[in-house]
Amino acid sequence: MRQPPPRDSADDSADPTPRLQAAEIMTRLYERLLARLGNRGLPDPGQPPDAQAMAHIRAAARRFTIHAEQCLIALMSEDHDQLVMQSADVLSELMRTWVVCGVEPEDIWIELDRRTHMGNLLLALNTAERASVAPALRRRPWKIRTTKLP
């Protein structure tokens with residue numbers, strides 16, 4: 001796979017604007033998409049979406065799927081530039097889907113944080129038991145049998 005070009009530290013210092021952080025970029029994109037939604041309004045969290053909202057959801061999901069497929073093709077063909085472009089499109093379409101469905105990005109970040117903490121807790125429990133008991137006496141009730149986060 002082709003490696004990304006090395007970053008020159010001189011370029012960073014010559015740049016008058018600091019590099020944007022991922023969270024800032026995602027927040028700005030979400031706010032722009034939300035503003036574009038305009039007076040159509042967001043669906044109520046407990047209510048099923050109407051026909052027009054479902055059409056927007058389906059269209060966003062279709063575009064997400066197309067860009068995700070293109071992203072995988074770029075990955076398999078080891079085309080770094082295309083992978084970057086298609087990945088940006090995937091994230092944009094995912095955020096567009098969130099806006100149409102009324103999902104707040106903060107809810108996603110909280111869920112990811114919860115999964116990370118849970119995974120770290122399970123790992124700590126597994127490691128603590130393994131280190132404190134002699135190998136012949138280990139029962140390992142907290143043994144993790146998967147690498148996937150809960």
Side-chain angles (χ1 to χ4, degrees), residues 1-7 9 12 15 17-133 138-150:
M1 183 180 219
R2 188 174 79 86
Q3 296 294 324
R7 294 175 112 175
S9 60
D12 290 342
D15 190 7
T17 59
R19 291 196 178 272
L20 293 173
Q21 297 297 319
E24 294 173 30
I25 294 169
M26 298 293 274
T27 301
R28 268 199 305 173
L29 176 60
Y30 183 80
E31 289 170 356
R32 283 185 186 153
L33 292 170
L34 195 57
R36 247 188 237 161
L37 188 62
N39 57 5
R40 285 183 275 161
L42 294 174
D44 294 327
Q47 300 294 325
D50 62 356
Q52 184 180 12
M54 279 305 295
H56 287 293
I57 292 169
R58 279 193 213 99
R62 191 174 305 117
R63 287 188 306 267
F64 173 82
T65 305
I66 290 168
H67 290 297
E69 181 181 322
Q70 293 298 318
C71 189
L72 289 173
I73 291 170
L75 176 69
M76 290 187 294
S77 65
E78 298 180 356
D79 186 350
H80 180 264
D81 295 335
Q82 270 298 57
L83 180 60
V84 169
M85 288 175 50
Q86 293 301 328
S87 296
D89 288 339
V90 166
L91 288 174
S92 296
E93 294 303 332
L94 180 60
M95 292 207 71
R96 187 170 284 117
T97 304
W98 291 352
V99 167
V100 172
C101 294
V103 174
E104 292 287 330
E106 187 67 24
D107 296 338
I108 306 298
W109 311 146
I110 289 170
E111 176 63 18
L112 287 173
D113 188 51
R114 184 192 69 76
R115 290 180 184 190
T116 302
H117 284 294
M118 182 64 72
N120 289 340
L121 175 64
L122 291 172
L123 182 62
L125 286 170
N126 189 31
T127 305
E129 172 145 349
R130 205 172 340 142
S132 64
V133 178
R138 287 187 193 147
R139 289 192 334 250
R140 301 178 78 174
W142 290 96
K143 177 159 176 44
I144 299 171
R145 301 197 190 293
T146 179
T147 58
K148 295 180 181 171
L149 292 175

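When reading the values below, keep in mind they use all heavy atoms of this one structure, side chains included, and skip hydrogens, waters and symmetry mates.
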Kindly list each side-chain donor-acceptor pair under 3.5 angstrom involving residues 63-72, sequence neighbours excluded, with atom names and distances?
from  : atom 1 : to    : atom 2 : distance (Å)
Arg63 : NE     : Glu93 : OE1    : 3.0
Thr65 : OG1    : Ala61 : O      : 2.8
His67 : ND1    : Gln86 : OE1    : 3.2

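- Looking at Arg28 and Glu24, no side-chain N of the basic residue comes within less than 4.0 Å of a carboxylate O on the acidic one, giving no salt bridge.
- Thr27 places a side-chain heavy atom less than 4.5 Å from the side chain of Glu31.
- Side-chain contact between Val99 and Met95: absent, with no pair of heavy atoms (C-beta onward) separated by less than 4.5 Å.
- With values rounded to the nearest 0.5 angstrom, His80 atom NE2 is found 11.0 Å from Leu75 atom CG.
- When the side chain to side chain contact (heavy atoms under 4.5 Å, CB included) test is applied to Ile110, the partners found at least two apart in sequence or on another chain are Glu106.
- Across all non-hydrogen atoms, the minimal contact from Ser92 to Leu33 is O-CD1, 4.2 Å.
- We find the CD-CG distance between Gln82 and Asp89 to be 9.0 Å, quoted to the nearest 0.5 Å.
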Is there a side chain to side chain contact (heavy atoms under 4.5 Å, CB included) between Met26 and Trp109? Walk through the geometry before answering.
CA-CA 11 Å; Met26 298 293 274; Trp109 311 146; 4.2 Å; yes
Hey, mind stepping through Asp107 and Glu111 against side chain to side chain contact (heavy atoms under 4.5 Å, CB included) and telling me if it holds?
CA-CA 6 Å; Asp107 296 338; Glu111 176 63 18; over 6 Å; no
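- Of the inter-residue distances, the one linking Leu94 atom CG with Tyr30 atom OH reads 11.5 Å to the nearest 0.5 angstrom.
- Contact annotation: the side chain of Glu104 never approaches that of Trp98 to less than 4.5 Å [non-hydrogen atoms, C-beta and beyond].
- Note that CE of Met85 and CG of Asp79 are 9.0 Å apart. Values are rounded to the nearest 0.5 Å.
- By the side chain to side chain contact (heavy atoms under 4.5 Å, CB included) test, Arg58 is found to be paired with Met54, Arg62, residues two or more places apart in sequence or in another chain being considered.
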